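Worksheet for the structure shown next.
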Amino acid sequence: MAAHTLKKSIWSLGRIHCHIYGVNVRNPLNRATYATALSTNHSSQNKGFPDRGNKGPFNRRSRREAGDPRTDRMPVDQDWTTVYPTATPFRQGSVPLPVRMGFPVKKGVPPEKKGNLELIKIPNFLHLTPLAIKKHCEALKPFCTEWPSALDTGAKCDEHFPVKVECKDYVSAGTSLRNPSARIVHLRVSLSACVNYDYAMYLLTVLYHESWKMEAWESEKTVADMEEYSWEDSPSQKNIMSTLVRMQVAGEGEGEAVREELLGRPEVQEYRDSVTRLKNEGESESSMHQYRDAVKKVLNL
Amino acid sequence: MLLLAGPCFIFVAKPTEQHLGQYYTVPPSHFHTVFPHGLPPRYQQQVKTFNEGCVMVRQPALELISHLKRADYSKPTLRYLLYGVKGSGKTMSLCHTVHYCSTQGWLVLHIPDAHLWVKNCKELLPSSYHASRFDQPIQASNWLRNFRTTNEHFLSKIKLRQRYVWTKRESTEEGRPLGELVDMGVSRVKSSSDVVGAVLKELRLQAGGTEGGFRLAVAVDGVNGLWGRTTLKKEDKSPVAPEELTLVHNLRKMINNDWCGGAVIATLSQTGSLYAPSSAYLPQELLGEEGFDSMDPFVPVPVSLYSEKEFESCYLYYLDRHWLQHPHSQTEEGKKELIFLSNRNPSVLERLCAFL
């Protein structure tokens, strides 16, 4: 699985293309190096400034020459965990792979790894090869305890540990650590395995009484906090009531009696059901049709 | 199944069920008066090309017209909302209904696209009437000009019931004709938004009145633009809410059903809407909670794609006008291809046929 992760991480690191254009003769010791057709000039002296013999305005102590990159001296069967023991940024001189990354400029190819900031910016899993993970496991073993030998079948585990709690963790490369799906925890209990009936009843009674207690802050619940839409006291009810009153459907008169009478009518009930369905279930053609019929009936069309 | 021998052209003031699927011609004289600003742009091009304006009689428009015929105008206003997928013919149905209303002698208040008032406004003046609101002089004066063209004959008949004071020196007295108010709004661009508000208020008060009463049809296209967000910004870069715009504030008052003697016909539009996903077409998605609660209770009228019969009729109309030039399009095979490519969506069909 770790190898799979590594492979996946390498192939999914943006646009990486491995081009092997043929073996370059520039390898007298016959080590396996990869050559690219677009190799740069490797002259490392002087970097463009003529040698003034350490005199003149650009007086710099002669720089120590940069040596060959480590990749040239890497045997094929080396221990990779020593190259990348921990999570470190990408070092192009330490990774013997001809990776390329970046936007191909002017119909060219993606830029090579030398001096490539894109490869340095992204996270890499070069420190998590299967071998490295094996070593981690080996190092952690002294701190682990043995699995109890008596729990060798699934049935025995269920019998002794009937409550199972399942948490999920999510890993992704992104702007935020948080993943809302990680907040969901599953707790499984097999009902037939419940042993302590009295304790369960006690718990349920406590929860029941506890749920009836009203906290002071609960009275601040607003319409936006409600889990589902309730038609009573909603703008929809007010609108339809005022419309019906103005249409003088119930005859003359104001006040509570008229309101009660209107609310009791079947058309208004139907209208209430259709609006509640629209708001709670969301819209669809069928709920829209139901609303349409209800409105037509209520407004006597 | 072909129920007509060809597209039938009729001029009906009162289309009925029998005329479903047939085309009726709008007299050319009506185009400038009734539709100075209402028609979809591609349809306007088609009218110019064909030298005539033919509208197909379809079910949603017929339903609206039958409701309008039977409604009781002493009760609070009924709101009708046309909804459907993009290109299904909502604006055309609205225009058909508007044409019917104007032939019946109603006063038509047509707002071609409410979205135009909540975006791309170059000049936003703080309102003189209400401190926290903003005026849009250009949009308001444009609309007043078009309103004047549509309702010439009403402007001298309706008298104002209240005195309006514009500045220290200017005011419009009670009893003056509405036309004077509208002219003032067109000429004095700075106060045109307030003039729009005054015009709407007067019409609201006087529609359905007993003496010299007229019926008022408020037709709003893209009504979902009145709720939601705008793309306009104040000077300190904070966003402007729709209710802070004078025009939107007054129009919302028209859409309420606290007046009587007319009808409100509105369409939803996703094209041109702001911050709405392109697949949204159902009322609650586009209106939002606030919009739905304001429009509630309304009669939703769904506009569907062409039925088989309507597609036949449209296809035959294009053939008749020699619009389909490609030889393959005139065969049965070509017709099946057109059905497949357009999925009987009216606007897609129109765009496809424009290439042929």
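As the structure is a prediction and not an experimental result, all values here were calculated from the model. Residue numbers start from 1 in every chain, and the chains themselves are labelled A, B, ... in the order their sequence lines are given, proteins ahead of strands.
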* **4.5 Å side-chain heavy-atom contact, B:Leu20 and B:Lys309** =>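 In contact.
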* To do: State whether A:Tyr84 and A:Arg91 meet the cation-pi test: NZ (Lys) or CZ (Arg) under 6.0 Å from the six-membered ring centroid, and within 45° of the perpendicular axis.
  => yes
Please check if atom [atom1] in [X] has more than 12 non-hydrogen atoms from other residues, nucleotides or ligands closer than 6.0 Å.
| X | atom1 | result |
| --- | --- | --- |
| A:Arg277 | CZ | yes |
| A:Lys296 | NZ | yes |
| A:Gln269 | CD | yes |
| A:Lys213 | NZ | no |
| A:Lys164 | NZ | yes |

* chain A heavy atoms under 4.5 Å from B:Asp258: which part of the residue, side chain, backbone, both or neither? -> both
* Residue part contacting chain A, namely of B:Phe298, when any heavy atom lies under 4.5 Å ->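 Both backbone and side chain.
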* Options B:Asn257, B:Val301, B:Val299, ranked by heavy-atom pairs under 4.5 Å with chain A, top entry -> B:Asn257
Between the side chains of [X] and [Y], is a donor N or O closer than 3.5 angstrom to an acceptor N or O?
| X | Y | answer |
| --- | --- | --- |
| A:Asp273 | A:Thr276 | no |
| B:Arg79 | B:Ser294 | no |
| A:Ser234 | A:Ser236 | no |

* So B:His67 and B:Tyr80, would you call those rings parallel, tilted or perpendicular, with 30° and 60° as cut-offs? ->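 Ring orientation of B:His67 relative to B:Tyr80: parallel.
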* Could you label the plane-to-plane angle of the A:Tyr208 and A:Trp212 rings as parallel, tilted or perpendicular, counting under 30° as parallel and over 60° as perpendicular? =>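 Geometry flag for A:Trp212 against A:Tyr208: perpendicular rings.
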* Is there any residue in residues 221-228 of chain B with a non-hydrogen atom under 4.5 Å from a non-hydrogen atom of chain A, and which ones are they? -> none
* Of all the residues in residues 265-283 of chain B, which have a heavy atom that comes within less than 4.5 Å of a heavy atom in chain A? -> B:Tyr281, B:Leu282, B:Pro283
* Structure fact -> Under 4.5 Å to a heavy atom of chain B? For A:Lys238 that would be neither
* To do: Go through the atoms of A:Ser284 and report whether side chain, backbone, both or neither lie under 4.5 Å from a heavy atom of chain B.
  =>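 Backbone only.
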* Under the salt bridge (Lys or Arg N to Asp or Glu O under 4.0 Å) rule, what do A:Lys221 and A:Glu218 come out as? Steps first, then yes or no, please. => CA-CA 6 Å; A:Lys221 193 175 184 187; A:Glu218 275 189 56; over 6 Å; no
* Between A:Gln237 and A:Asp233, is there a donor-acceptor pair closer than 3.5 Å when you use the side chain of the first and the backbone of the second? ->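 Side chain of A:Gln237 to backbone of A:Asp233, a donor-acceptor pair under 3.5 Å: yes, one is there.
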* Applying side-chain contact (heavy atoms from CB on, under 4.5 Å), name anything that partners A:Pro111, two or more places apart in sequence or on another chain. => A:Asn116
* Asked: For chain B, which residues of residues 179-188 of chain A have at least one non-hydrogen atom nearer than 4.5 Å to it?
  -> none
